[in-house]
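What follows is a set of notes on a single structure, which appears directly below.
Please read these numbers as outputs of a predicted model, since none were measured by experiment. Throughout, protein chains are lettered first and strands after them, A, B, ... in sequence-line order, and every chain is numbered starting at 1.
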2 protein chains.
Amino acid sequence: MSKHEGATPANGSPGGEQRLSRASVQRFSLYLRHLERWNDEGLQVVSSSQLGDALGINDAQVRKDLAYLGNIGQPGIGYHLPDLVAALRRCLGIDRPWPAVLVGVGNLARALLRYRGFQRQGFTFVALIDADPKKIGQVVDGLTVQSPDKLPEVLAKTKAELAVIAVPGDAAQGVADLLVSAGVRGILNFAPTVLRVPPAVSLVSVDLAVQLEQLAFLVHLGQDEP
Amino acid sequence: MSKHEGATPANGSPGGEQRLSRASVQRFSLYLRHLERWNDEGLQVVSSSQLGDALGINDAQVRKDLAYLGNIGQPGIGYHLPDLVAALRRCLGIDRPWPAVLVGVGNLARALLRYRGFQRQGFTFVALIDADPKKIGQVVDGLTVQSPDKLPEVLAKTKAELAVIAVPGDAAQGVADLLVSAGVRGILNFAPTVLRVPPAVSLVSVDLAVQLEQLAFLVHLGQDEP
DNA sequence: GGATGTGAACGACTTCACAGCG
DNA sequence: CGCTGTGAAGTCGTTCACATCC
């Protein structure tokens, strides 16, 4: 998968000085989504084992993760759901809006634009960029596609700190370089390429081909097994 | 997440009997993609450090990974590219075709259907499934959308062992159950839900919301740091 | 010299097990 | 009693360092 880390791991909470691993952060997202649903359903309290069972995660792991948020759980009772949700959102940094630009207006981009899960967590696409002259000027989901030249001014104007790259593999590094020099802070890359960005810029990659091959490998392995 | 283990490492060499970790398999895919490009460009030999540098991976790691393929490298020289590519494909199980069905015909599905990287590695979508009556009967990329009821016969007829789930979160577990009872062997899940499948079925999940939140977290962290 | 393969050290993540509190 | 928080143990994965071979 992708690596990359720029900044120093800061820490918010009082008392315990632990490290948030990448894996914990991913679990935080899973916790949050599930908890928000339970919260909407009116549930007030939840225990580490309930949450763990629902997600297929060991309960001690859940407690270790949540302990990072401060002493938020009550022994003998569990965790107060609304507090927990709020603490998770704050910790993940999604207690505020995250405007983002989307580079590469193909089918994947359309899928992302219409994916409700993003808006719900505060992510909004505020600009569309594509190098194809035939696409520039088109309006998709209320946004006008603009040329990559415009990136610096678009980022300045919209205050977007995040970008999503959804272009073909051979164009991706060029786009990334452009984004970096325009001052982007984080990139979510869907192109099938290993990107190089300076350490101050965060990078998360989702490589579809890799995931599908991983699956093929697992099935391939299990082939002759009882 | 899903597990799976079982088959013995088909390995002729005496001595070293290692296990292929999930992480190694993912790197295998990255290696393969890069090596195929170099191979097409006519390169004959490659070293672990060249490959590692290109991908941002430690060279010892590369050697450890490749050692799993048998004693394929030549000390003082490097790895013979065509052999290496062939060995990787065989090991990953993509030295043969992988027909797959795609459930949920939205924008994401269209993006996947048109993604060239899949075909190149032997993955082909042989059927489209969607529960929406308005979509059933439509033809997308040469395939007619069919009802989920048809899954058992579709899997039987097409010999597809893999399925891709690209439906909304609340429908995903139902689809997975259907696929499992229709005899699927592996599922690639894009729905924002933690799926439960029996251990004989392999599962790989790509959770877009989680990845974007991971990115937000990294940027959020780095915010006030030099 | 240059590059592989690999034990051993290291580090990261997960699970266990239990003290302590409501 | 049930449930949290956490040291300790265990497991897994990565990096180092070096013997070995071309």
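To the nearest angstrom, P of D:dG13 lies 13 Å from OH of B:Tyr68. In this structure, CG of B:Asp59 is placed 12 Å from C1' of C:dG2, rounded to the nearest angstrom. Note: CG (B:Leu69) to P (C:dT6) measures 12 Å, nearest angstrom. Distance B:Ile72 CD1 to D:dC21 C1': 17 Å, rounded to the nearest Å. Between the P atom of D:dC18 and the CZ atom of B:Arg63 lies a distance of 14 Å, rounded to the nearest Å. Taking atom CD1 of B:Ile57 as the reference point, atom P of D:dT14 lies 9 Å away to the nearest angstrom. Protein atom CG of A:Asp65 is 13 Å distant from nucleotide atom C1' of D:dT6, rounded to whole Å. At whole-Å resolution of the value, CG in B:Leu20 and P in D:dT14 are 11 Å apart.
One finds a side-chain N or O of A:Gln61 lying less than 4.0 angstrom from the OP1 or OP2 phosphate oxygen of C:dT14. Here A:Arg27 reaches the OP1 or OP2 of C:dT14: one of its side-chain N or O atoms lies under 4.0 Å away.
Atom CZ of B:Arg196 is surrounded by more than 12 heavy atoms from other residues, nucleotides or ligands within 6.0 Å.
Without hydrogens or angle criteria, A:Thr193 side chain to A:Gly169 main chain gives a donor-acceptor distance under 3.5 Å. A donor-acceptor pair is defined here as one N or O able to donate and one able to accept, closer than 3.5 Å; no such pair exists between the side chain of A:Trp38 and the backbone of A:Leu51. Not a single donor-acceptor pair under 3.5 Å links the side chain of B:Gln26 to the backbone N or O of A:Val210. Of the possible donor and acceptor atoms, none in the side chain of B:Arg27 sits under 3.5 Å from a partner among the backbone N and O of B:Asp65. Of the possible donor and acceptor atoms, none in the side chain of A:Arg114 sits under 3.5 Å from a partner among the backbone N and O of B:Asn107.
In the set C:dT15, D:dT14, D:dC3, C:dT15 carries the atom at the smallest distance from any side-chain atom of A:Asn58.
Within residues 76-88 of chain A, the residues that have a heavy atom under 4.0 Å from DNA chain D are, in order of number, A:Gly76, A:Ile77, A:Gly78, A:Tyr79. Scanning residues 32-54 of chain B for heavy-atom distances under 4.0 Å to DNA chain C yields B:Ser47, B:Ser48.
Ring-plane geometry between A:Tyr115 and A:Phe118 is classed as perpendicular, the angle between the planes exceeding 60 degrees on a 0 to 90 degree scale with a lower cut at 30.
Annotation: side chain to side chain contact (heavy atoms under 4.5 Å, CB included) contacts of A:Asp59 (sequence neighbours excluded): A:Ser48, A:Ser49, A:Arg63.
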Exercise for the section: Kindly determine whether B:Gln211 and B:Asp207 satisfy side chain to side chain donor-acceptor pair (under 3.5 Å), including the steps that lead there. Expected result: CA-CA 6 Å; B:Gln211 299 309 314; B:Asp207 196 314; over 6 Å; no

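Interface remark: the A:Lys64 side chain does form a donor-acceptor pair with the C:dT15 base, using a distance-only criterion of under 3.5 Å.
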